[in-house]
Structure formats: structure tokens, C-alpha cells
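Computed from a predicted structure; not experimentally measured.
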Amino acid sequence: MVAFTAPPFFPELHDDWPLVRAALAEVGLDARPVVWSDPAADWPSFDLIVANGVWDNIHHVDEFLAWVAAREQDGTPTVNSPATLRWNLDKRYLRELEAAGVPIVPTSWIEPGAAGGTADIDLALPEGEVVIKPSISGGGHRTARYRPDEHEDARAHARD
């Protein structure tokens with residue numbers, strides 16, 4: 001049995017889930033969605049967990065990391081691995097990719113607390129359009145694009 005993680009607000013995943021389930025059944029795999037944060041879920045009873053539907057993990061970081069640690073401890077095979085799930089949660093993993101020679105979108109990093117709401121902090125922005133995004137974000141959460149004439153708004157967003 002394969003578990004596909006789901007968020008509480010989409011316990012049956014998307015409309016295409018019946019198609020995915022049918023395709024898996026055709027190759028002999030029994031699969032079902034399971035809400036990743038459901039305390040009643042019996043994760044070790046699954047042969048594999050596909051952690052593709054933890055879409056709300058950005059709002060529950062500590063709980064998600066505890067869930068990942070529990071999957072690692074109980075040894076249930078997980079796709080992606082617990083190490084990858086932890087690594088991929090925070091977009092600062094892009095620094096490692098860049099250091100390894102993988103091209104990334106030009107990025108300026110503000111360390112947590114550096115902008116801390118301080119109104120006079122100098123947040124140098126590149127010329128042109130910019131995107132401000134938290135390092136832990138998904139689906140556009142708290143992400144915005146700013147034109148050059150909106151850079152003060154972009155700085156305020158970054159400070160926030």
C-alpha cells in the first residue's frame with residue numbers, strides 16, 4: 001500500500017487523483033491519500049509514502065519537521081527522503097546548488113532577523129523588477145513582484 005500525503009484542506013488531493021490512483025492500480029499498486037498531519041495515520045503500515053501533498057507544511061514548519069523525523073525513525077520508505085524533505089523546505093538550499101555550479105535565478109539573501117522591521121536598514125535592491133519571497137514559502141505565499149517604482153514597497157515587504 002502506498003500513501004500519498006495530502007493537506008487537511010484537500011484530503012482527497014486534486015481532481016486528477018482518481019486518474020493517478022487508476023494508473024497505479026493498473027500496475028498493481030494500491031494507493032490512497034492520507035493527511036500528513038493526521039495523528040491517527042498509521043504510517044508504518046504503508047510500504048511507501050509519497051510526500052507530495054504536504055502543501056501546508058510552510059505554515060506548520062515544526063510539526064512538519066517532527067513528522068519527517070518520525071518517518072525517519074519508523075523507517076517507512078519515503079519519497080523524497082527525510083533528508084531531502086528537510087533540505088528542500090527552506091529555499092536557502094539554492095545556495096548549495098549555486099555553489100555546486102547549478103545556475104539559479106539571481107538572488108540576494110536577507111538573513112532571518114536582519115531586516116527585523118528596522119525602518120532605516122539599507123536593503124539594496126537590484127535595478128529593475130524584483131521578487132520578494134520568504135525562504136520558507138510555497139504556492140506564492142507572501143511572495144510579490146515589484147516594479148522599479150515600487151522598490152520602497154519591496155523594502156517594506158522584506159523588512160516584514
Colleague: To the nearest 0.5 Å, what is the distance between OG on Ser37 and NE2 on His60?
Modeller: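 The OG atom of Ser37 sits 7.0 Å away from the NE2 atom of His60.
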
Colleague: Glu129 versus Pro148: any side-chain heavy-atom pair under 4.5 Å?
Modeller: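 The answer is yes, as the side chains (C-beta and beyond) meet within the 4.5 Å cut-off.
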
Colleague: Using 0.5 Å steps for rounding, measure from the CD1 atom of Ile104 to the CD atom of Glu96.
Modeller: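 These two atoms lie 11.5 Å from each other.
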
Colleague: If you look at every heavy atom in Ile58 and Gly138, which pair is closest and at what distance?
Modeller: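 Of all heavy-atom pairs spanning Ile58 and Gly138, the closest is CD1-N, 3.4 Å.
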
Colleague: Evaluate the ring pair (Phe, Tyr, Trp, His ring centres under 6.0 Å) criterion for residues Trp55 and His141: first the C-alpha distance (whole Å), next the side-chain angles of each, then the deciding distance (0.1 Å), finally the verdict.
Modeller: CA-CA 11 Å; Trp55 306 319; His141 178 70; over 10 Å; no

Colleague: Do Leu24 and Val50 share a hydrophobic cluster (ILVMFWY, side-chain heavy atoms under 4.5 Å, transitive)?
Modeller: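 Result: yes, single cluster for both.
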
Colleague: Less than 6.0 angstrom from the centroid, inside 45 degrees of the normal: does Arg95 satisfy that with respect to the ring of Trp109?
Modeller: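 Positive - Arg95 is close enough to the ring of Trp109 and near enough to its axis.
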
Colleague: Is it the case that one hydrophobic cluster holds both Trp17 and Leu29, taking links as side-chain heavy atoms less than 4.5 Å apart, direct or via other members?
Modeller: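 Yes: a chain of side-chain contacts under 4.5 Å links Trp17 to Leu29.
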
Colleague: Quick one: OG1 on Thr76 to CZ on Arg71, what's the gap to the nearest 0.5 Å?
Modeller: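 Separation between the atoms: 6.0 Å.
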
Colleague: Test side chain to side chain contact (heavy atoms under 4.5 Å, CB included) on Arg21 and Phe4; report intermediate values, then the result.
Modeller: CA-CA 10 Å; Arg21 179 181 269 169; Phe4 278 72; over 6 Å; no

Colleague: Applying a strict under-4.5 Å side-chain criterion to I, L, V, M, F, W and Y, I'd like to know whether Leu85 and Tyr93 cluster together.
Modeller: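 As far as the 4.5 Å side-chain criterion goes, Tyr93 and Leu85 are not connected within one cluster.
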
Colleague: Roughly how far, to the nearest 0.5 Å, is the CD atom of Glu150 from the CZ atom of Arg145?
Modeller: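 The distance works out to 10.0 Å.
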
Colleague: Cluster question for you: counting only ILVMFWY and a side-chain heavy-atom cut-off of under 4.5 Å, with indirect links fine, are Leu89 and Val54 together?
Modeller: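 In one cluster with Leu89: Val54, yes.
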
Colleague: Given the rule in the side chain to side chain contact (heavy atoms under 4.5 Å, CB included) test, do Val61 and Asp90 qualify, once you have shown the distances and angles that lead to the verdict?
Modeller: CA-CA 10 Å; Val61 172; Asp90 190 317; over 6 Å; no

Colleague: Could you tell me the separation between the CG atom of Asp153 and the CZ atom of Arg147, rounded to the nearest 0.5 Å?
Modeller: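 Spacing of CG (Asp153) from CZ (Arg147) equals 9.5 Å.
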
Colleague: Kindly work out whether a path of hydrophobic side-chain contacts (I/L/V/M/F/W/Y, heavy atoms less than 4.5 Å apart) joins Val27 to Leu19.
Modeller: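 No, because Val27 and Leu19 fall into different hydrophobic clusters, even though each may have its own neighbours under 4.5 Å.
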
Colleague: Do the side chain of Ser81 and the main chain of Thr84 share a donor and acceptor less than 3.5 angstrom apart?
Modeller: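 Checked: pair present.
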
Colleague: Take Arg142 and Lys133, measure what side chain to side chain contact (heavy atoms under 4.5 Å, CB included) needs, and give me the verdict at the end.
Modeller: CA-CA 6 Å; Arg142 307 253 324 137; Lys133 178 176 184 141; over 6 Å; no

Colleague: Closest heavy-atom contact between Ala3 and Trp43?
Modeller: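 The pair with the smallest heavy-atom distance is CB-CZ3, 3.8 Å.
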
Colleague: Tell me, with the steps shown, if Arg155 and Leu125 meet side chain to side chain contact (heavy atoms under 4.5 Å, CB included).
Modeller: CA-CA 8 Å; Arg155 285 183 182 90; Leu125 297 176; 3.9 Å; yes

Colleague: Closest heavy-atom contact between Leu13 and Thr5?
Modeller: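 Between these two residues, the closest heavy atoms are CD2-O, 3.4 Å.
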
Colleague: Please check if the side chain of Asp47 supplies one atom and the backbone of Met1 the other of a donor-acceptor pair under 3.5 Å.
Modeller: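 Such a contact is found between Asp47 side chain and Met1 backbone.
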
Colleague: Would you confirm whether Ser137, through its side chain, and Ser135, through its main-chain N or O, come within 3.5 Å as a donor-acceptor pair?
Modeller: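 The answer is no, because no donor-acceptor pair under 3.5 Å joins these two groups.
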
Colleague: Give me the atom names and distance for the closest heavy-atom approach of Asn57 to Trp36.
Modeller: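 Result for this residue pair: CA-CZ2, 4.2 Å.
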
Colleague: Distance check, rounded to the nearest 0.5 Å: Lys91 atom NZ versus Asn88 atom CG?
Modeller: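 Separation between the atoms: 6.0 Å.
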
Colleague: Quick check: does any side chain N or O of Ser45 sit under 3.5 Å from a backbone N or O of Asp42, one acting as donor and the other as acceptor?
Modeller: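 Yes, because the side chain of Ser45 sits within donor-acceptor range (under 3.5 Å) of the backbone of Asp42.
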
Colleague: Are the charged groups of Arg86 and Glu72 less than 4.0 angstrom apart, N to O?
Modeller: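 Yes, Arg86 and Glu72 are salt-bridged.
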
Colleague: Do you know which two heavy atoms are closest between Ala40 and Asp38, and how far apart they sit?
Modeller: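 So the minimum-distance heavy-atom pair works out to N-OD1, 2.8 Å.
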
Colleague: Do the non-hydrogen side-chain atoms of Pro77 and Ile49 ever get within less than 4.5 Å of each other?
Modeller: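 Result no, sub-4.5 Å side-chain heavy-atom pair not found.
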
Colleague: So with a 6.0 Å cut-off around CG of Asp15, is the heavy-atom count from everything else above 12?
Modeller: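 Counting other residues, nucleotides and ligands, CG of Asp15 stays at 12 neighbours or fewer.
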
Colleague: If you look at every heavy atom in Pro11 and Ala6, which pair is closest and at what distance?
Modeller: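 Closest approach of Pro11 to Ala6: O-CB, 3.7 Å.
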
